[in-house]
*Asks:* 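Below is one structure. I have some questions about it.
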Amino acid sequence: MDKINNFDELGLSDEILEVIKKKGFEKPSPIQTLTIPLLLTNEKDIIGQAQTGTGKTAAFGLPIIENTENNGITQVLVLAPTRELAIQVAEEMMSLRTNREIGILPVYGGQPIEGQLRRLKRGVEIVVGTPGRILDHLKRGTLRINQLSYLVLDEADEMLNMGFIEDIEKILSQTNKDKRMLLFSATMPPRIVKLAQKFMGEYEEIKVSPKRLTVDLTDQIYFEVNSSDKFEALCRIIDIEKEFYALIFCRTKLKAQHLGNALSDRGYDAAALHGDISQNQRERILDQFRKKRIRILAATDVAARGIDIQELTHVLNYSIPQDPNSYVHRIGRTGRAGKRGTAITFITPSEYRKLMHIQRTANAEIRKEKIPKVKQLINMKRKRIIKEISEIIEKKTFDDNLPVAYDLLGDHKPDEIIAALLTHAYKDDFSPEKYAKIRDVKGRTDKDNYSPDQKGTTRLFIALGNKDNFTKRKLADMIKKETKIDSRLIRDIKVYDNFSFSDVPFAEAEQIIKAFRRMGRDNKPLVVKAKPEEKKVKPNFSRSKRKRR
Ligand code: AMP
């Protein structure tokens, strides 16, 4: 099976192969190689261990679309943990549709139900939804799921973590027995296996390594910058890049509009796309963007939905995404179809923790870079111009301009002519004054410095040690008992006579500190963040050398 290198070896129809070609997918990803033939041939249910970013949506989406009829009956239900994922899956499936008009609808909470009701009434073949909202529709009788061909549980572990198990069971109990079930999950804890055993028939298990399609080809960078300097930082980044064909994500419509205007004012081919832009205008802007007449689009998440352009060189999060799913979704717009891309995220100093949370949850590697200095930028631009002009000289593609050159040479010195031509062509491009100052981001406060390190973990100080009869095991058990945190997350425990240390992911660290707040001695909390100098504590570190807090 591993030897399959082409989509046309998987058993898909020509119609679907055409869609894949249009999408720009060159070869199937491992999860697709394994899942598609199984779905097209045998009848068993499937459990797939794969993360978002591995191409799993197309892995189930392509064969499902192949086998779905355009008859107004809901034949496919995909359950996803969050509204972002529901939208993402629905969009990806929509982009895989052939000419047969199959209805695909994302259904999630927070969106007015009326629109969903109208659409469902007209008949939708594939429904992608979050468990809560799907249950709402089932209770109202506005969705029927008793004629399903496929039921997909996407990111099942996330759904269980979010406490959706009862909702899922209620939904499953209303489905017909003779459907095929697919369960995808990044991890396979026993709870998932139990769920599968309870509701699924005979199933095949598929596992792929967590190599991500999107992230593989996407270089991920973040810049720490004060809010008021973001625009200047953005301009410097655009200027230093040889090519910048990008989608810039803004949090609000207003921000997107301001940014689009400000970039245009500064001379870039930019525009804004958001909910207040009419459909006509939207289409015109997107057309220009596709033709690269507009090269930078400042957009809100909602407005950027459905934009599917393969060649984007950059995606830039002008404001940090709200959650890891949204991050993965946004950056998935670049580095597509075998092309390299760069994902840039701006964070203000106070957003560092949020970024670490995203990094950890999305299993992403996001490296920090410094905003280019003006001197560096100007040097770079000069080098680029020299290279470009040298190429024109080598190719001798300047014949039409020779008469003007001779005229000018008759009256002026050659160095002055060249400098004047550069000014004429590039205006103030090489002038340092063109760039505003960017303030250094102040070093994070001491308080923050006690917080997560690059790996997103926090070292905790626990005021219990050997003298209190504590061992590594006992400590992990105690934390688990009080907080229900998985003991595998409580790492690198060191127990000393009077106290101990442990590394935990920072979100869990907050939880632990909160849980033990009232349990200390002498009004001192039992667990606090370790001070930076304690992060590498020496074994002979004794209580007498440090004051207890
Ligand atoms: P997913 O894991 O379903 O969220 O997919 C992640 C991204 O990879 C989406 O943007 C897909 O369009 C893209 N993708 C899926 N399959 C392929 C493929 N075979 N080649 C290139 N990109 C793909």
*Asks:* Distance-only, no hydrogens or angles: does the Ser278 side chain make a donor-acceptor pair with backbone N or O of Gln281 under 3.5 Å?
*Replies:*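 Judged by distance alone, yes, a pair lies under 3.5 Å.
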
*Asks:* To the nearest 0.5 angstrom, please state how far the CD1 atom of Ile64 sits from the OG1 atom of Thr57.
*Replies:*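 Spacing of CD1 (Ile64) from OG1 (Thr57) equals 10.5 Å.
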
*Asks:* Would you please say whether a donor-acceptor pair under 3.5 Å links the side chains of Glu283 and Gln279?
*Replies:*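 Result is yes, a qualifying pair exists.
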
*Asks:* If we check side-chain hydrogen bond (donor to acceptor under 3.5 Å, both in side chains) with Tyr327, which of these qualifies: Gln220, His357, Lys354?
*Replies:*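 By the side-chain hydrogen bond (donor to acceptor under 3.5 Å, both in side chains) criterion, Tyr327 pairs with just one of Gln220, His357, Lys354: Gln220.
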
*Asks:* Just one of Glu202, Met181, Met200 clears the side chain to side chain contact (heavy atoms under 4.5 Å, CB included) bar with Lys44, so which one?
*Replies:*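 Passing option: Glu202.
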
*Asks:* Measure the shortest side-chain to side-chain distance between Leu40 and Asn67 over non-hydrogen atoms and say whether it is less than 4.5 angstrom.
*Replies:*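 Leu40 vs Asn67: side chains touch.
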
*Asks:* What distance do Ile206 atom CD1 and Ile46 atom CD1 have between them, rounded to the nearest 0.5 Å?
*Replies:*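 Going from CD1 on Ile206 over to CD1 on Ile46, the span is 4.5 Å.
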
*Asks:* How many angstroms lie between CG in Leu62 and CD1 in Ile16, if you round to the nearest 0.5 Å?
*Replies:*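 Here the interatomic distance stands at 5.5 Å.
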
*Asks:* Tell me, yes or no, whether the heavy-atom count around Lys481 atom NZ, taken from other residues, nucleotides or ligands under 6.0 Å, exceeds 12.
*Replies:*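 It does not: Lys481 NZ has 12 such atoms or fewer within range.
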
*Asks:* With side chains defined as the heavy atoms from C-beta onward, is the minimum distance between Ile320 and Arg251 less than 4.5 Å?
*Replies:*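 With C-beta onward as the side chain, the pair touches.
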
*Asks:* Output yes when Arg491 and Glu508 qualify as a salt bridge under the 4.0 Å nitrogen-oxygen rule, no when they do not.
*Replies:*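 Answer for the salt bridge query: no.
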
*Asks:* When you measure from the side chain of Tyr318 to the backbone N and O of Ala299, does any donor-acceptor pair fall under 3.5 Å?
*Replies:*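 It does not hold such a pair.
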
*Asks:* With rounding to the nearest 0.5 angstrom, report the NZ to CG distance, Lys198 to Leu195.
*Replies:*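 CG of Leu195 is found 8.0 Å from NZ of Lys198.
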
*Asks:* Got a sec, which residues hit side chain to side chain contact (heavy atoms under 4.5 Å, CB included) with Glu18, two or more places apart in sequence or on another chain?
*Replies:*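 Applying side chain to side chain contact (heavy atoms under 4.5 Å, CB included) to Glu18 gives none.
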
*Asks:* Rounded to the nearest 0.5 Å, how far does CD1 of Ile165 lie from CD1 of Ile192?
*Replies:*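 Result: 7.5 Å between the selected atoms.
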
*Asks:* Any non-hydrogen side-chain atom of Leu17 less than 4.5 Å from a side-chain atom of Ile20?
*Replies:*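 Yes, close enough: below the 4.5 Å cut-off.
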
*Asks:* Between Glu482 (side chain only) and Phe516 (backbone N and O only), is there a donor and an acceptor less than 3.5 Å apart?
*Replies:*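 Side chain of Glu482 to backbone of Phe516, a donor-acceptor pair under 3.5 Å: no, none is there.
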
*Asks:* Just to verify, what does Glu166 make a side chain to side chain contact (heavy atoms under 4.5 Å, CB included) with, not counting sequence neighbours?
*Replies:*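 Checked Glu166 against side chain to side chain contact (heavy atoms under 4.5 Å, CB included); zero matches.
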
*Asks:* Scan for ring-ring contact (aromatic ring centres under 6.0 Å, His included) pairs involving residues 71-105, sequence neighbours excluded, and state none if there are none.
*Replies:*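 ring-ring contact (aromatic ring centres under 6.0 Å, His included) check on residues 71-105 returns no pairs.
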
*Asks:* With a sphere of 6.0 Å drawn around CZ of Arg100, does it hold more than 12 non-hydrogen atoms of other residues, nucleotides or ligands?
*Replies:*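 For Arg100, atom CZ is crowded (more than 12 foreign heavy atoms under 6.0 Å).
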
*Asks:* Apply side-chain contact (heavy atoms from CB on, under 4.5 Å) to Phe7 and Lys21, showing your working.
*Replies:* CA-CA 9 Å; Phe7 275 107; Lys21 206 165 136 203; over 6 Å; no

*Asks:* So do Ile36 and Pro28 actually touch side chain to side chain, heavy atoms under 4.5 Å?
*Replies:*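 When only atoms from C-beta onward are counted, Ile36 and Pro28 do not touch, as no gap falls below 4.5 Å.
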
*Asks:* Applying side chain to side chain contact (heavy atoms under 4.5 Å, CB included) between Leu247 and each of Leu273, Ile296, Leu297, report the one that passes.
*Replies:*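 Among the candidates, only Leu297 passes.
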
*Asks:* Does Gln147 have more than 12 heavy atoms from other residues, nucleotides or ligands lying within 6.0 Å of its CD?
*Replies:*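 Incorrect, the count does not exceed 12.
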
*Asks:* Mind listing the closest non-hydrogen atom pair of Lys170 and Leu135 along with its distance?
*Replies:*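 In terms of heavy atoms, the two residues are closest at CB-CD2, 3.9 Å.
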
*Asks:* About how many Å separate CG of Asp178 and CG of Asn146, when rounded to the nearest 0.5 Å?
*Replies:*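 It comes to 10.0 Å.
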
*Asks:* With distance as the sole test, does Asn71 use its side chain to make a donor-acceptor pair with the main-chain N or O of Ile73 at under 3.5 Å?
*Replies:*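 Pair found, side chain donor or acceptor close to backbone of Ile73.
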
*Asks:* Do Asp167 and Leu79 come close enough that some side-chain heavy atom pair is under 4.5 Å?
*Replies:*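 No; the side chains remain at least 4.5 Å from each other.
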
*Asks:* Measure from the side-chain N and O atoms of Arg330 to the backbone N and O of Val315, and report whether any donor-acceptor pair falls under 3.5 Å.
*Replies:*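 Side chain of Arg330 to backbone of Val315: no pair is present.
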
*Asks:* Do Ile479 and Leu460 pass the side-chain contact (heavy atoms from CB on, under 4.5 Å) test, and can you show the C-alpha distance, the side-chain angles, and the key distance before you say yes or no?
*Replies:* CA-CA 12 Å; Ile479 294 176; Leu460 292 179; 5.6 Å; no

*Asks:* Give the intermediate values and the outcome of side-chain contact (heavy atoms from CB on, under 4.5 Å) for residues Gln511 and Lys484.
*Replies:* CA-CA 10 Å; Gln511 209 180 325; Lys484 310 273 180 299; 5.9 Å; no

*Asks:* Donor-acceptor pair, distance only, cut-off 3.5 Å: does the side chain of His274 make one with the backbone of Asp276?
*Replies:*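 Yes, the answer is positive, given that a donor and an acceptor are paired below the 3.5 Å cut-off.
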
*Asks:* Using modelled atom types and a 3.5 Å cut-off, is there a donor and acceptor pairing between side-chain atoms of Thr313 and backbone atoms of Tyr245?
*Replies:*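 Indeed, once roles are kept as given, a pair shorter than 3.5 Å links the two residues.
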
*Asks:* For residues Glu66 and Ser13, is any side-chain donor paired with an opposing acceptor at under 3.5 Å?
*Replies:*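 Looking only at side-chain atoms, Ser13 and Glu66 do form a donor-acceptor pair, the distance falling under 3.5 Å.
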
*Asks:* Closer than 3.5 angstrom, by distance alone: can the side chain of Glu224 be matched with the main-chain N or O of Ile347 as a donor-acceptor pair?
*Replies:*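 No, the answer is negative, given that no donor and acceptor are paired below the 3.5 Å cut-off.
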
*Asks:* Below 4.5 Å, heavy atoms only, C-beta onward: do Ser502 and Ile490 meet side chain to side chain?
*Replies:*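 Yes; the side chains approach each other to less than 4.5 Å.
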
*Asks:* Taking atom types as modelled, is there a side-chain donor on Gln111 or Gln116 under 3.5 Å from an acceptor on the other?
*Replies:*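 Side-chain D/A pair, Gln111 to Gln116: present.
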
*Asks:* So that I can tick it off, tell me whether Arg180 and Asp45 are bridged by a salt bridge, with the cut-off set at under 4.0 angstrom between side-chain N and carboxylate O.
*Replies:*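 No, no charged N to carboxylate O under 4.0 Å.
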
*Asks:* Any side-chain heavy atom of Ile493 within less than 4.5 Å of one from Ile462?
*Replies:*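 Counting from C-beta outward, Ile493 and Ile462 never come under 4.5 Å.
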
*Asks:* Does Asp136 pair with Arg133 as a salt bridge, N-O distance under 4.0 Å?
*Replies:*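 Arg133 and Asp136: salt-bridged.
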
*Asks:* Could you give all pairs that pass the ring-ring contact (aromatic ring centres under 6.0 Å, His included) test and reach residues 123-174, with sequence neighbours left out?
*Replies:*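 As it turns out, there is no ring-ring contact (aromatic ring centres under 6.0 Å, His included) pair with a partner in residues 123-174 once direct neighbours are skipped.
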
*Asks:* Looking at Asn176, is its backbone amide N or carbonyl O close enough to the side chain of Lys179 to form a donor-acceptor pair, meaning the two atoms are under 3.5 Å apart?
*Replies:*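 Yes.
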
*Asks:* Which residues satisfy the side chain to side chain contact (heavy atoms under 4.5 Å, CB included) test with Ala186, sequence neighbours excluded?
*Replies:*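 For Ala186, the residues satisfying side chain to side chain contact (heavy atoms under 4.5 Å, CB included) (neighbours in sequence not counted) are Gln51, Asp157.
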
*Asks:* Is there a side-chain contact (heavy atoms from CB on, under 4.5 Å) between Ile485 and Val504 once you walk through the steps?
*Replies:* CA-CA 10 Å; Ile485 285 172; Val504 283; 5.9 Å; no

*Asks:* Would you say Ser319's side chain and Cys250's backbone share a donor-acceptor pair under 3.5 angstrom?
*Replies:*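 Judged by distance alone, no pair lies under 3.5 Å.
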
*Asks:* Does one side chain, of Glu351 or Tyr222, offer a donor that lies under 3.5 Å from an acceptor on the other?
*Replies:*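 There is no such pair (donor and acceptor under 3.5 Å, judged by atom type) between the side chains of Glu351 and Tyr222.
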
*Asks:* In terms of heavy-atom contacts, does CZ of Arg118 have more than 12 from other residues, nucleotides or ligands at under 6.0 Å?
*Replies:*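 No, CZ of Arg118 has 12 or fewer neighbouring heavy atoms, counting only those of other groups under 6.0 Å.
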
*Asks:* Under the ring-ring contact (aromatic ring centres under 6.0 Å, His included) rule, what pairs show up with a residue in residues 39-85, not counting sequence neighbours?
*Replies:*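 Output for this query lists Phe60-Phe184.
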
*Asks:* Would you say that Asn161 contacts Arg191 through its side chain, given a criterion of any heavy-atom pair below 4.5 Å between the two side chains?
*Replies:*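 Yes - at least one pair of side-chain heavy atoms lies under 4.5 Å apart.
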
